[in-house]
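Following: one structure in structure tokens, then a few remarks.
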Amino acid sequence: MGEAAGPVFELSGLVVRYGSFTAIAGLDATVPPGAVGLLGPNGAGKSSLIKAALGLLAPADGSIKVLGLEVPRQAIELRRRVGYMPESAVVFPSMTGFENVAYAGLLSGMPRGEARRRAHEVLEYVGCGEERYRSVDEYSQGMRQRIKLASALVHDPALLLLDEPTNGLDPDGRSEILALVRDLGHAKGMNVLLSSHVLDDVESVCDSILLLAKGQLRAAGTIDELKERFSRLAGDRVRFTLDGGADVLVAAAQEKGFTAEQPDPLDPTECVVHVTPGADARVVLALALERGLRVRRFVPRRTSLEDVFLDTLETSDAGGGVR
């Protein structure tokens with residue numbers, strides 16, 4: 001396993017259509033090696049981008065290169081170097097876990113003996129070694145996801161494409177799959193593109209993101225860079241914890257020109273105030289005291305990937321473009 005020397009994806013003016021519907025509209029992007037998250041609301045074009053990258057959809061316009069190979073012209077060669085774990089169920093329930101994974105190796109062009117040897121290795125890696133000879137129709141949802149991951153890994157790909165890999169899993173199963181993906185993307189040095197609507201999953205695994213909406217690129221960069229950019233634009237944010245009356249403090253802060261909100265309108269004890277440059281959280285604290293509110297604590301609120309995601313989409317919808 002190893003990282004590609006150059007960009008993993010190179011997209012130039014990429015357009016993908018289904019009849020008269022445009023799923024991807026003139027997408028330009030360069031995706032670096034490493035673990036990258038592909039984010040966006042439903043209908044953003046994430047699945048269309050993955051299918052185009054695999055050569056399953058021919059672009060209506062523009063070009064796409066994956067691992068330096070032109071798609072769809074070199075799609076067959078590319079599929080030997082890419083592992084794909086789709087969201088849909090792609091296991092054969094009447095076959096054992098071992099047979100599923102070995103068969104995936106054969107489909108990727110591996111000799112039979114090599115496919116069987118690698119199947120044993122990856123099944124041990126994903127934690128299904130002891131269950132390898134059981135029929136997949138006896139597996140739990142978590143084990144089926146592991147079999148799908150093992151099938152994507154059996155031919156030792158240079159790039160792993162994951163489409164909603166934690167879908168349908170309980171918290172323990174989700175954590176276990178994410179730990180494997182994190183190990184692949186960091187300890188093993190494999191290039192990973194993780195498409196997910198669960199922002200916590202992306203933030204726990206990936207170093208950088210592509211954010212799509214309505215078939216266009218809205219933001220790209222490392223997660224840390226995007227968080228820092230958001231923090232500079234939004235100003236410092238302070239979370240106030242009170243005995244009650246969060247709505248009162250929000251109204252008072254807004255009267256003074258601050259941006260303030262209750263993260264949960266049903267929780268009267270928490271509110272967040274955006275402190276503009278040159279202002280101080282003590283000004284807001286004084287407002288609370290003037291209104292007889294008891295403040296338990298006030299601490300800086302760290303920027304999350306969700307903040308970046310929501311702010312970028314809101315800004316784009318308002319016509320502001322990529323921030």
Side-chain angles (χ1 to χ4, degrees), residues 1-2 4 8 46-58 66-67 69 71-169 173-174 176-185 188-196:
M1 299 178 185
V8 176
K46 303 188 299 295
S47 294
S48 296
L49 176 57
I50 289 176
K51 290 176 182 177
L54 290 168
L56 303 176
L57 286 175
V66 182
L67 300 175
L69 300 173
V71 183
R73 186 175 66 83
Q74 296 176 288
I76 299 300
E77 181 181 350
L78 175 66
R79 289 175 201 167
R80 297 191 181 100
R81 301 181 60 193
V82 174
Y84 176 39
M85 181 179 172
E87 180 180 7
S88 58
V90 289
V91 295
F92 297 95
S94 61
M95 296 167 61
T96 67
F98 172 76
E99 289 169 337
N100 268 272
V101 178
Y103 184 57
L106 292 174
L107 291 177
S108 71
M110 300 175 71
R112 181 175 298 274
E114 179 68 7
R116 292 175 65 85
R117 183 189 67 79
R118 277 287 297 169
H120 286 297
E121 287 183 0
V122 293
L123 283 165
E124 289 288 350
Y125 175 72
V126 302
C128 288
E130 294 184 2
E131 310 293 340
R132 72 188 76 187
Y133 296 124
R134 283 177 56 193
S135 177
V136 171
D137 58 12
E138 301 175 9
Y139 283 8
S140 66
Q141 177 65 18
M143 290 179 63
R144 289 185 180 218
Q145 290 295 92
R146 290 167 184 258
I147 291 297
K148 286 166 59 178
L149 179 58
S151 298
L153 292 173
V154 66
H155 58 303
D156 195 20
L159 170 63
L160 184 62
L161 300 178
L162 304 172
D163 195 355
E164 303 288 354
T166 62
N167 190 36
L169 298 183
R174 174 174 166 266
E176 290 164 358
I177 287 289
L178 291 176
L180 288 169
V181 177
R182 192 179 303 111
D183 182 67
L184 289 166
K188 301 292 190 296
M190 181 176 287
N191 297 297
V192 175
L193 183 71
L194 171 62
S195 175
S196 178

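The analysis underlying the following values was restricted to heavy atoms, covering all of them including side chains, and did not include hydrogens, waters or symmetry mates.
Side-chain contact check for D163 versus S47: some heavy-atom pair is nearer than 4.5 Å. The shortest distance between side-chain heavy atoms of L160 and V82 does not fall below 4.5 Å. Inter-residue side-chain proximity for K148 and V90 is flagged as met; some heavy-atom pair is nearer than 4.5 Å. Using a 4.5 Å heavy-atom cutoff, the side chains of M95 and Y103 are in contact. Side chains of R79 and L56 form a contact here, defined as non-hydrogen atoms less than 4.5 Å apart. You'll find the side chain of S195 reaches within 4.5 Å of the side chain of I50, heavy atoms only. Residues L162 and L193 fail the side-chain proximity criterion, which asks for heavy atoms closer than 4.5 Å. Side-chain contact between V122 and V101 is present, with at least one heavy-atom pair separated by less than 4.5 Å.
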Quiz item: Step by step, would you call E164 with S196 a side chain to side chain contact (heavy atoms under 4.5 Å, CB included)?
Solution: CA-CA 5 Å; E164 303 288 354; S196 178; 3.6 Å; yes
Exercise. List the steps, then state whether side chain to side chain contact (heavy atoms under 4.5 Å, CB included) holds for V66 with L54.
Key: CA-CA 9 Å; V66 182; L54 290 168; over 6 Å; no
Practice problem: Show the numbers, then the answer: is there a side chain to side chain contact (heavy atoms under 4.5 Å, CB included) between M143 and V136? | Solution: CA-CA 8 Å; M143 290 179 63; V136 171; over 6 Å; no
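Of all the heavy atoms in V154 and A115, the pair that sits closest is CG2-O, 4.1 Å. L106 approaches M110 most closely through the heavy-atom pair CD2-O, 3.6 Å. For the pair L67 and A158, the tightest heavy-atom approach, listed with the atom from each and the gap, is CD1-CB, 4.0 Å. Scanning all heavy atoms of the two residues, the minimum distance from A75 to G55 falls at CB-CA, 4.1 Å. The minimum heavy-atom distance between A102 and A119, with the atom names listed, is N-CB, 3.8 Å. Smallest separation of non-hydrogen atoms from A150 and V126: CB-CG2, 4.1 Å.
The number of heavy atoms from other shown groups lying within 6.0 Å of CZ (R116) does not exceed 12.
Panel note: side chain Y139, backbone E131; a donor-acceptor pair is recorded below 3.5 Å. A donor-acceptor pair under 3.5 Å is absent between the side-chain atoms of R134 and the main chain of T96, judged by distance alone. Formation of a donor-acceptor pair under 3.5 Å by the N100 side chain with backbone atoms of F92 is found in this model.
L161 contributes atom CG, which lies 4.5 Å from atom CG of L159 (distance to the nearest 0.5 angstrom). Remark: L149 CG to E176 CD distance equals 12.5 Å, nearest 0.5 Å. Annotation: the span from I177 atom CD1 to Q145 atom CD amounts to 6.0 Å, rounded to 0.5 Å. Within the model, atoms CZ of R144 and CG of L169 stand 12.5 Å from one another, a figure rounded to the nearest 0.5 Å. Rounding to the nearest 0.5 Å gives a distance of 11.0 Å between OH of Y125 and CZ of R146. Expressed to the nearest 0.5 Å, how far CG of L57 lies from CG of L49 amounts to 10.0 Å.
Between the side chains of H155 and R118, no donor-acceptor pair of N or O atoms lies under 3.5 Å.
Salt bridge status for E121 with R117: present, with a side-chain N to carboxylate O gap under 4.0 Å.
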